[in-house]
Amino acid sequence: MATEGDISPRETEVLELLGSHFSNAEIAARLFISVRTVESHVSSLLRKLDVPDRRGLARRATVDRPHREPVPPPAPLTSFIGRARERAELSEMIMAHRQVTATGPGGVGKTRLAVAVAAEVAGQYADGVWFVDLIPVTDPGMIAAAVAGALGLGEQPGRDLTESVVTALADRQALLVFDNCEHVADGAALFLERLLAACPRVTVLATSQARLMVPFERVYQVPPLSLAGESDAVALFMERAQAAGWPLDPPQHDQIAAICARLDGMALAIELAAARYPTLGLDGITAAVSHPLRMLTGGSRADQRHRSVRAVLDWSHALLEPADQELLHRVSVFVAPFTASAAAEVAGSATGVVTDGLARLAEQSLLGVTASSKGTRYRALETIRQYGTERLSQAGELAGARARHLRWCLTQAVDLVVAGQDWRARFDAAADDLRAALRWAASEPEQSADAYRLARHLAELTFTRHLIGESQQRYEQASALADDPAATASMLRQAAEVAGCRTRGDDMYRLYRAAADAARRAGDTAGAAVDLATAATAAYRFSSTFVQVPSEKEAVALVREARELAGDDPAAEAAVALAEAGVLSDAFGAVQGPADNAVPETLARAERAVELARRIGNPLAESAALDALTAAHAWAGDTFACAATAGRRITLLSSMPDEPETPGGVHELIDGLGMAVQTSLGAGNLADALRRGRQLADHPALAEVGHRATSWLLVADALAGNVHELLSGSTRFLDAWRRAGSPAKAALGPAAAAVAMIHNFRGAHDDEREWQVVLDRLGDSSERTYGYGALFDAMRMLHHGHAGEAMERMAPEPGEVWKWVTWIWLHWYVAIRAEATVLAGSPDARDRLADARTVTAGNPVAGAVVERAESFLDQDHERLLATADVFEAAGCRYQVARTMVLAGGEHATRGAAVLADLGLAPMTVT
């Protein structure tokens with residue numbers, strides 16, 4: 001058992017975050033290290049602390065480490081005064097009810113009270129308090145993005161951010177503080193209703209000017225500060241005046257109380273009044289708040305207290321110099337903290353003048369200031385920001401200020417495209433303003449051109465930031481804003497490519513068809529042909545990502561229409577050729593395709609598609625065509641050509657320095673890496689399979705979907721016998737899969753089956769059962785029955801000496817279960833099948849070996865399995881042992897150990913030692 005000193009400081013940080021139920025991707029993001037480094041630390045902690053799994057580490061962290069609140073509420077810059085009764089009442093409500101909304105007018109002190117109460121009750125929630133600031137959110141549809149940001153979650157392909165948040169919080173006991181909901185109340189209500197229904201241990205404390213009207217809600221009306229007796233209002237005024245360097249004598253209590261009474265005990269009003277004390281004194285403040293012209297009402301919908309806050313804002317505003325008033329109005333269009341230079345651009349003034357003005361506004365408590373090594377940023381309280389925009393509107397200047405803000409946002413967006421290492425932080429700082437500017441511009445017809453540009457830039461930026469759900473939304477928004485149908489078609493194509501990265505096949509199909517319609521409106525019949533052909537190809541190539549798979553009839557009709565529109569355009573001809581290979585010849589083995597392929601025709605069509613794509617010089621089109629050719633070689637049973645073609649595809653994509661950063665490039669590269677791992681496994685090239693598998697696992701676009709990122713690496717590690725690496729990777733897989741809502745994706749089946757097999761080899765039967773449950777959740781399929789399922793089942797049976805059962809499990813001839821075996825399992829299938837036949841003593845053993853030797857010729861691993869089986873049958877001890885060297889060179893340590901055990905005698909003892917070193921239980925030979 002490790003001692004405290006055995007665990008490094010970095011491992012301590014990882015352990016604490018494990019105790020807070022963070023995924024490896026989230027830990028990596030918070031500690032600024034790679035996911036693989038996190039996996040290494042987790043493996044080290046498992047070994048040092050001698051615990052069986054990740055859950056054990058989480059329990060150990062809870063016991064041994066103090067709980068760390070992952071996203072605490074903002075620390076107040078000033079002390080919290082009074083409110084003892086309110087704190088007690090609100091705390092009691094939170095402990096009794098799942099959703100409490102603290103309501104009241106702007107300036108009454110809702111946020112400060114909520115933060116204070118959250119701090120007091122934090123210890124009652126095992127997973128702490130999470131603070132969600134909704135002030136920067138201007139779109140009700142972006143609530144989930146704000147919550148995901150607070151939780152440190154990213155977009156997960158195949159799921160929207162709401163699903164990601166709900167999944168992440170499903171088993172957590174946490175308090176979420178949703179601050180300032182009033183301007184996005186409808187979106188907040190919809191989100192909270194879904195969140196609370198799905199997360200039974202989550203409690204929400206919201207602040208809003210009005211109740212949210214959700215089923216679980218209990219409302220707490222936040223009163224003004226008390227005025228009688230030991231007045232909280234007076235205490236607040238005196239404390240703030242003293243903090244400003246002007247302590248008040250007790251005899252002035254009555255005059256202060258009168259001022260606070262005039263202000264109806266409103267916290268914001270009192271704060272602002274106290275800030276004026278050094279310059280006006282109590283007499284000046286009394287006169288100001290008593291002047292009838294300054295006591296303006298807020299309209300019939302505002303209650304008396306709200307009118308009082310407006311009065312104080314009017315009064316504070318009137319005491320400003322005209323230039324400072326104008327500056328306050330204009331910077332109110334910023335929804336997030338801003339710099340002096342940004343304010344100067346939007347205000348239309350010199351930076352030096354604006355800097356001085358911002359300082360004066362900050363001195364008057366009208367702006368908050370945050371200084372850091374990266375510069376000074378200012379921010380207006382939401383109430384003041386709304387007041388400033390109202391003033392702009394009354395003066396007829398709001399549109400002009402928003403237009404300048406829009407231009408500033410466009411400049412920021414363009415600059416971000418070429419930003420350096422601090423890109424992520426810069427984007428996060430500007431994102432809410434970009435979204436707010438876009439929301440305004442999209443509703444203003446005269447701003448449609450700039451709105452289109454900003455939507456396009458925001459789509460690109462959010463994709464790079466891996467907010468791919470928003471990226472698709474922004475591309476679709478840009479398509480609707482474009483005034484040129486050609487631009488509409490372009491944006492829809494980009495949206496379709498992003499949908500592909502999200503594994504949203506239905507969206508991809510819909511968007512390509514919409515792009516075709518736009519291209520036709522633009523008079524681009526060739527472009528429309530490409531779009532229709534690409535939609536038809538996607539229906540087959542990515543059929544497993546569809547909810548509603550397009551029928552064969554529908555896809556064939558699209559191909560026919562595309563062919564008619566293509567004419568002699570080279571790009572259209574290439575796209576149609578690929579669609580014909582995919583749809584008419586079923587090169588991709590789609591779910592709606594025929595059971596059999598006419599292999600010569602499939603090969604011919606795929607080769608033609610590759611040639612036409614190469615001629616037009618479009619690497620992404622060529623990559624897609626090479627994907628079809630890869631599968632065509634598989635159906636032909638040419639495993640090595642299959643692997644070589646997949647390798648050509650990766651070489652092609654890797655030679656393009658910029659393209660893989662685009663949605664289409666990322667989609668092709670991720671798919672290509674997955675295919676490269678699979679086909680390298682099929683050819684017995686474990687080194688390449690592992691290398692490509694690690695590239696895929698480390699790809700930043702897959703950081704939040706570890707189940708997709710690691711699935712084929714797990715298979716490679718299992719076949720290689722890399723047990724420790726597999727255990728680390730399987731933790732990431734399982735954690736991410738569960739966070740994703742445990743999707744029933746059949747494509748994940750090989751990974752789950754491979755991990756279950758290794759746990760069986762380890763003798764870890766509880767873990768094996770857990771992974772069998774996962775495998776069953778992924779669904780049954782012909783590939784599981786006849787392909788990878790038969791292979792891994794047989795290997796497990798052979799490990800335990802049940803050769804007869806293994807032979808029976810692999811009884812079908814490869815041709816009888818064609819596609820499920822020929823894909824990448826053919827060599828493994830015939831080799832293990834031959835070995836099972838030999839060990840079971842079947843009279844057909846010689847014939848099986850001869851057939852297997854022919855099929856596996858050139859495959860180092862499968863060929864060595866066949867050679868070993870024949871040596872065992874011939875009792876040729878020297879030949880049998882020689883295969884161990886072949887397995888060693890191929891990086892297949894499990895088969896090295898198996899060879900030694902089969903050799904018997906002292907070699908068996910050495911083989912058992914190798915198995916033990918790998919972490920595996922002894923094997924049996926019958």
Side-chain angles (χ1 to χ4, degrees), residues 135-136 138 272 275-276 279 310 312-416 419 422 425-427 429-441 444 446-447 449-451 453-454 457:
I135 286 177
T138 56
L272 292 170
R276 287 294 182 183
T279 56
R310 184 179 297 278
V312 171
L313 289 173
D314 284 336
W315 157 62
S316 295
H317 177 268
L319 294 173
L320 295 174
E321 293 296 327
D324 290 347
Q325 290 178 348
E326 187 175 83
L327 179 60
L328 180 64
H329 302 167
R330 293 184 177 182
V331 299
S332 67
V333 297
F334 288 101
V335 299
F338 55 89
T339 63
S341 60
E345 289 190 44
V346 172
S349 302
T351 302
V353 173
V354 167
T355 300
D356 290 341
L358 294 174
R360 288 190 294 272
L361 293 174
E363 289 171 359
Q364 301 304 321
S365 300
L366 294 169
L367 291 180
V369 185
T370 302
S372 71
S373 59
K374 296 183 178 179
T376 301
R377 288 184 175 272
Y378 302 85
R379 183 175 190 172
L381 295 174
E382 179 63 12
T383 304
I384 295 172
R385 196 182 73 79
Q386 292 176 5
Y387 178 87
T389 55
E390 285 181 8
R391 282 282 187 166
L392 281 174
S393 181
Q394 291 166 5
E397 297 177 359
L398 182 58
R402 290 205 185 280
R404 290 190 297 274
H405 180 247
L406 172 62
R407 289 194 293 273
W408 176 82
C409 286
L410 279 168
T411 300
Q412 298 304 302
V414 172
D415 289 347
L416 281 167
D422 63 341
R426 287 183 57 194
F427 171 80
D432 287 321
D433 273 301
L434 300 184
R435 292 166 179 143
L438 176 57
R439 188 179 187 202
W440 172 76
E444 301 292 324
E446 65 274 15
Q447 300 292 342
D450 281 345
R453 290 174 57 212
L454 185 54
H457 288 316

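- With Gln325 contributing its side chain and His317 its backbone, the two residues share a donor-acceptor pair below 3.5 Å.
- Considering only residues two or more places apart in sequence or on other chains, Arg360 meets the side-chain hydrogen bond (donor to acceptor under 3.5 Å, both in side chains) condition with Asp324.
- Using cut-offs of 30° and 60° on the angle between ring planes, the pair Trp408 and Phe334 is perpendicular.
- A donor-acceptor distance shorter than 3.5 angstrom exists from the side chain of Ser332 to the backbone of Thr389, with no hydrogens or angles considered.
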Problem - Thr376 vs Val369, side-chain contact (heavy atoms from CB on, under 4.5 Å): CA-CA, chis, key distance, verdict - result: CA-CA 7 Å; Thr376 301; Val369 185; 3.5 Å; yes

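- Here the rule is side-chain hydrogen bond (donor to acceptor under 3.5 Å, both in side chains) with Tyr387, and of Arg391, Glu390, Arg385 only Arg391 fits it.
- Of all heavy-atom pairs between Leu454 and Cys409, the closest is CD1-O, 4.2 Å.
- Counting heavy atoms from C-beta on, the side chains of Val333 and Phe338 never come closer than 4.5 Å.
- Rounding to the nearest 0.5 Å gives a distance of 8.5 Å between CG of Leu367 and OH of Tyr378.
- Of all heavy-atom pairs spanning Leu438 and Ala451, the tightest one is CD1-O, 3.4 Å.
- Here the closest non-hydrogen pair linking Ala347 and Val354 is CB-CG2, 4.4 Å.
- Thr370 places none of its side-chain heavy atoms less than 4.5 Å from the side chain of Arg379.
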Exercise for the section: Take Arg426 and Leu416 through the test side-chain contact (heavy atoms from CB on, under 4.5 Å) and record every step on the way to the result. Expected result: CA-CA 7 Å; Arg426 287 183 57 194; Leu416 281 167; 3.6 Å; yes

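- Heavy atoms only, all atoms of each residue included: Gln447 and Ala441 are closest at CB-O, 3.8 Å.
- Here the CG atom belonging to Leu410 is positioned 4.5 Å from the CZ atom belonging to Arg453, to the nearest 0.5 angstrom.
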Extract all donor-acceptor atom pairs below 3.5 Å that involve side chains of residues 392-400 and protein atoms in other chains or at least two apart in sequence.
none

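- Between Leu328 and Ile384 there is a side-chain heavy-atom pair separated by less than 4.5 Å.
- Leu361 is listed as a side-chain neighbour of Leu320, based on a closest heavy-atom distance under 4.5 Å.
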